[in-house]
Amino acid sequence: MADLLTPGAIATIMNGDEYPNPVVQILGTKPVPCKEGQEQRYRLLISDGRHLNSYTMLATQLTPMLQQGELVDYTIIKITNHLVTKINKNDDKGPTRILVIIDLVVVKHGSEVGEKIGNPCHAGDTNQPKEAMQPPTTPARPSSSSSSSVSNGTGNRRSIDITHFNSPMASKTHPIVSLSPYQNNWVIKARVMTKSPIRTWSNAKGEGKLFSVDLVDESGEIRATGFRDAVDKFYELLEENKVYLISKCQLKMANKKFSSLKNDYEMTFTDDTRIVPVEEDDTSIPTIQYNFVKLDAIQDSAAGQLIDFVGVCKAAGDIVNLTSRTTNRELKKRDLTLVDQSKAAVTLTLWGNQAEDFNTDGNPIVAVKGGKVGEFNGGKSVSLIGGSAFHINPDIPEAHRLRGWYDGLAGDTKFTSISASADGGSSGKWCTLAEAIDEKLGYGDKADYFNTYTTVMHVKTDRCVYKACPTPECNKKVIDQNTGQYRCEKCNQEFESFKYRIMLSMNIGDFSGTQWVTLFHDAAEEMLGAKGDQIGRWQEEESSEFGEVFKKITLKPFTLRLRAKVENYGDESRLKMVVMSAKPPDYKDRCRRLVAEIKQLAGLSS
DNA sequence: CCCCCCCC
């Protein structure tokens, strides 16, 4: 096993020399104390069989590997990408060199190794004679596939001694992936993917203005923000799609809530920050980088997550004006329906100018970076937020593929909507009543929604309408004072009128079983095809119409959208199902689903 | 140092 290691590698690296793909053994790991809210970082003790090094850090993107148990003690790893950085400790011993592992491959898991290899000792300092530090004549086999996309021709070692930034021709730049708060002596050569508008803020802590740019190079991406003076200094200089040499920024932990960029850090421009445009466009620097997910995967994304995706705009709603309930601001929004090859359809909400300026002609391709997943009525949708990038018909392979796919699509192609429409329209799964019970729908933390074909077995008509507070937003039952006045306890007010509200209980059934369900006002009106006030008056007048309205739906089939949720009453819990919407059955759709199900059961589905 | 990003 000892021959797996590359003795001498540690000394070579810590002396500042190059050593490709060193293979070392992990002999210890420990978390580094960090501030609250910061991502945990780990320090390692490694051995190359000859020397130990405890000044080794794991790049944060490798933290999950460690936390998942892949980097236990005795594990042998090949370091496929690393950098050496100096930190000044507050003593007189001069700077300490830290080895930062950026990428690695597990050669042999610690459980298979089970012991310390050789008898390594702490290397002296870097003042040892250089001759003693040369790598062996047969270094470890080069890595065939490093997961890092860095290929700037400088090998694995990241030079850290770039101080010649005075010249924009500075040839040695650092990959974005290597930036960390531990080291500020770097220059990156990066392209501006997107630039935000200037925004102002005003809060208890003060006021100011800011903007941010998302930067990219071959190795990765990072967001940079300029505040106040930095806005005046850099906003005009930085243009989308142009390449710049940038140095002397402050790095801090990124808040993933506001950026989908693949970087644990983000940077802030400081008074020392230098930004120099690169006049000749360097085509080796990529343009915007997307981490696309297929639209059907959005179904499984958590609300609040930021995602990148691309789709064809199949349909667009009107521009809608509304007032924010929380901020009272006037808002404009527009919902687009996007589709892709996964046959999923998802709603993308545009706001403000983007809603107004969007042109639906020719079913444009829409690419989004950093769209925010939302949840409504059991469906998932995406909304553009401040940090999102939004590109129409981008010149990227995925967009061309989508265009070709969509243009060749049969006109009657069906898509599965994973977003709920505002009218409670269909989305999500279909199942029978028995399947809903078997699958324990409604037993999770959140309510479950499903669609079902069912027949109305029985409607309970007693107490199905009640007199409610006439205030538009209040639907509380009023107390009839029998003086022509109706009292609402919630509004603490008496009114001369009321409105009828419906709350209906009914039993529904299909071949698999039956279920008691509740319908509130809007769904009940939809299903009964009559207004609550009308039904209330029929009841008052003891009109035969009252009975007729319920008879009309009894033993009739419907497509229902149901909400299932367990509710607790004291120590008793009961599964409650509420009808969100009721539509006459679409037999064509019903048949299509049954045929698909039969094919699947028969093993004939493709 | 922002970090609000809205609605059904």
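Labels below follow one simple rule: chain letters A, B, ... track the order of the sequence lines, proteins then strands, and each chain is numbered from 1. In this text the structure is predicted, and so the values were computed from the model without any measurement.
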What is the distance, rounded to the nearest whole Å, between atom CZ of Phe376(A) and atom P of dC8(B)? 8 Å
d(CG, Asp318(A); C1', dC8(B)) in whole Å: 15 Å
What nucleotide, of dC6(B), dC1(B), dC3(B), holds the atom closest to the side chain of Glu266(A)? dC3(B)
Interatomic distance, Leu336(A) CG vs dC7(B) P [rounded to whole Å]: 18 Å
I need the full list of ring pair (Phe, Tyr, Trp, His ring centres under 6.0 Å) pairs touching residues 292-346 of chain A, with sequence neighbours left out, sorted by first then second residue. Tyr290(A)-Phe292(A)
Any base atoms under 4.0 Å from Ser383(A), or only sugar-phosphate, or nothing? Heavy atoms, all strands. sugar-phosphate
Map Thr268(A) and Leu331(A) onto DNA chain B by nearest heavy atom, then report which one ends up closer to the 5' terminus. Thr268(A)
For a quick check of understanding: with a heavy-atom distance under 4.0 Å over all strands, which category does Lys332(A) fall into, base, sugar-phosphate or nothing? nothing
It should be established whether Lys372(A) places a side-chain nitrogen or oxygen under 4.0 Å from OP1 or OP2 of nucleotide dC6(B). yes
Side chain Gln250(A) and base dC1(B) donor-acceptor under 3.5 Å: no
Can any side-chain N or O of Asp217(A) pair as donor or acceptor with the backbone N or O of Ala190(A) at less than 3.5 Å? no
Rounded to the nearest Å, what distance is computed from the CZ atom of residue Phe269(A) to the C1' atom of nucleotide dC1(B)? 15 Å
Trp351(A) CH2 to dC6(B) C1', straight-line distance once rounded to whole Å: 5 Å
Is there side-chain contact between Leu261(A) and Met193(A), with at least one heavy-atom pair below 4.5 Å? yes
Just to verify, which of Glu221(A), His391(A), Gln289(A) counts as forming a side chain to side chain donor-acceptor pair (under 3.5 Å) with Lys369(A)? Glu221(A)
Presence of Ser212(A) side-chain N/O under 4.0 Å of dC3(B) phosphate oxygens OP1/OP2: no
According to the 5.5 Å centroid and 30° plane-angle thresholds, does Phe227(A) stack upon the nucleobase of dC1(B)? yes
Please report, rounded to the nearest Å, how far the C1' atom of dC6(B) is from the CZ atom of Arg199(A). 14 Å
Heavy atoms only, 4.0 Å cut-off, all strands: where does Gly386(A) land among base, sugar-phosphate and nothing? base
Could you state the CG-P distance from Leu306(A) to dC5(B), rounded to the nearest angstrom? 12 Å
Ranking dC3(B), dC5(B), dC7(B) by distance to the side chain of Ile385(A), first place goes to dC5(B)
For Thr559(A) against Pro584(A), the heavy-atom pair lying closest together: OG1-O, 4.0 Å
Would you kindly check whether a donor in the side chain of Arg329(A) faces an acceptor in the base of dC4(B), or vice versa, at under 3.5 angstrom? yes
Rounded to whole angstroms, how far apart are NZ on Lys257(A) and P on dC5(B)? 8 Å
